[in-house]
Amino acid sequence: MIPIAKPYLDKKEAQYAYDTILTGWVTQGPKVQEFEEKFAAYVGSKYAVALSNCTTALHLSMLVAGVTEDDEVICPSMSYVATANAIRYVGAKVVFAEVNPVTYNIDIEDVQKKITPKTKAILIVHQIGMPADIDAFKQLCNEHHLVLIEDAACAVGASYKGNKIGSHSDLVCFSFHPRKVITTGDGGMVTTNNEVYRDKIKLLRQHGMSVNDRIRHESNKVIFEDHIVVGYNYRMTDIQAAVGIKQLEKLDFIVEERRKIAFQYHDAFKDIVTIRLPLEEEACFSNYQSYSIYLKPECKISRDDLMQALLDKGISTRRGIVTTHRETAYKEYCKDLSLPISEDASDRSIIIPLFYPMKQAEINFIIEQFKFLVE
Ligand SMILES: Cc1ncc(COP(=O)(O)O)c(C=O)c1O
């Protein structure tokens, strides 16, 4: 069976995690700090704050952006449910916008139509590693005095206008779930150039504690902590951070290798007129976190039959990115909402395996089977 994805982990991560365990400091401590510093340097932001996952990164971003139950936040419905859930956690209203049918990134014209006096923030998603047009959204947010938040869960290692995702705005949230390009088992990060945001996120991730464990541990004076706000336990462990540090060293290499596989798919499928392949728009550099193919209505096989036929041949696939408004948890909340472009894109697309290291024989087999079934 060829899996849909596989993390690229080896003895380097295992050894560093092992060494970390033996230091005796296993939760948020020196390794988390090292990971944060290296991650910020990698993306080109002033600060990075590590968290337990991207969902908690999004939640704290909502809080520090000042989003409350009186506000509305615009985001795409076509995204993993965690995107919209983060808005719900703070009690704000989720306003779903359409996506561009080719890039699957949030459609700025639809967003413009949905801005109201209650809109507080726009949460854009870099869909499966394909950068959205950040500058256009920055400008829109400036014009309307809104906060821009980037859900970059899938976009680590991707770039926009020559700079890494994570460097362009003040609340950029990443995921290190094993389905992503690099992993810490589970894990997340917020990058920012804003010191106030950084300090608030650091406070909230550790129970609102005024002095962190490390400072108390290293002090030769007795220090009592105070819990100055109601916070959360959204810490990353030092064991996870040790894995993350080693993964980060491999990131550019992994992205290059993923792109080579994506280009093999592009080349093999480019002449099939009944499908649409991922499009990297000008100034966008994707990490190809996933390779999603759209099957046009005239395609000779349905998406679901294609998934089954490939599974029968030992090839795992996934349906396209879900539309949150049609998930059970949102059906009542979004009663009567129709987003035809997102629905069609979600229903007609299929994600095929792409990971490093994939054997050339596996890539060839996927291409051969896909062409046989679709052409
Ligand atoms: C777009 C998007 N946002 C948020 C998340 C949540 O990330 P995590 O699992 O790290 O909480 C995911 C995870 O799949 C995602 O794809």
Side-chain angles (χ1 to χ4, degrees), residues 4-7 32 35 39 48-63 73-90 94 96-97 99-100 103-106 121-132 134 137 148-158 165-166 169 171-191 201 204-205 232-237 240-241 243-244 247-248 278 286-292 318-325 327 329-330 342 345-346 349 351 354-355:
I4 189 77
K6 219 193 274 184
V32 164
F35 187 32
F39 196 86
V49 185
L51 294 151
S52 48
N53 54 64
C54 183
T55 309
T56 54
L58 289 165
H59 180 197
L60 296 192
S61 294
M62 291 294 150
L63 289 173
V73 178
I74 305 174
C75 73
S77 167
M78 192 184 179
S79 182
Y80 189 58
V81 289
T83 306
N85 284 350
I87 303 168
R88 302 284 297 276
Y89 295 160
V90 297
V94 181
F96 286 124
V99 293
N100 174 302
T103 62
Y104 302 154
N105 275 317
I106 185 166
I122 301 176
L123 173 53
I124 61 171
V125 180
H126 303 297
Q127 296 279 22
I128 51 177
M130 190 66 76
I134 302 169
F137 283 98
L148 178 65
I149 303 173
E150 293 177 55
D151 181 340
C154 301
V156 68
I165 297 293
S169 74
L171 289 167
V172 189
C173 304
F174 294 90
S175 171
F176 307 120
H177 178 271
R179 182 74 176 78
K180 307 299 188 260
V181 171
I182 57 169
T183 185
T184 58
D186 247 316
M189 190 76 82
V190 177
T191 57
I201 294 171
L204 288 168
R205 75 174 168 180
Y232 305 86
N233 176 0
Y234 286 172
R235 285 185 294 248
M236 176 182 275
T237 71
Q240 290 169 299
V243 173
Q247 285 273 277
L248 193 60
S286 174
N287 63 8
Y288 286 99
Q289 185 267 342
S290 288
Y291 194 90
S292 177
R318 293 287 180 273
R319 61 177 169 155
I321 309 159
V322 295
T323 52
T324 304
H325 71 286
E327 293 298 300
Y330 278 80
S342 304
S346 178
S349 47
I351 293 174
L354 200 170
F355 55 88

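Indexing begins at 1, ligand by ligand and atom by atom, following the structure's order.
- The only option from I182, V156, D151 that meets the side-chain contact (heavy atoms from CB on, under 4.5 Å) definition with F174 turns out to be V156.
- Ligand 1 has no N or O atom lying under 3.5 Å from any N or O atom of S79, backbone or side chain.
- The environment of OH in Y234 is crowded: more than 12 heavy-atom neighbours from other residues, nucleotides or ligands sit within 6.0 Å.
- Of all protein heavy atoms, the one lying nearest to atom 2 (C) of ligand 1 is A153 CB, 3.4 Å.
- Residue-level proximity to ligand 1 for C154 is carried by the side chain, the only part with a heavy atom below 4.0 angstrom.
- Protein heavy atom in closest approach to atom 10 (O) of ligand 1: S175 OG, 2.7 Å.
- Between the S346 side chain and the S342 main chain, no donor and acceptor come within less than 3.5 Å of each other.
- The part of D151 lying near ligand 1 is the side chain, judged by heavy-atom distances below 4.0 Å.
- Nearest protein heavy-atom neighbour of atom 7 (O) of ligand 1: C54 CB, 3.3 Å.
- Ligand 1 has no N or O atom lying under 3.5 Å from any N or O atom of D186, backbone or side chain.
- Of the possible polar contacts, one joining the Q240 side chain to the D186 backbone as a donor-acceptor pair under 3.5 Å is found.
- Applying the 4.0 Å criterion to heavy atoms of T83 picks out, from ligand 1, the atoms 1 (C), 3 (N).
- In summary, the atoms of ligand 1 found under 4.0 Å from a heavy atom of A82, numbered by their order in the structure, are 4 (C), 5 (C), 6 (C).
- Of the possible donor and acceptor atoms, none in the side chain of S292 sits under 3.5 Å from a partner among the backbone N and O of I351.
- Counting heavy atoms closer than 4.0 Å to ligand 1, residue K180 contributes side-chain atoms (C-beta onward) but none from N, CA, C or O.
- Ranking the protein heavy atoms by distance from atom 6 (C) of ligand 1 puts T55 OG1, 3.5 Å first.
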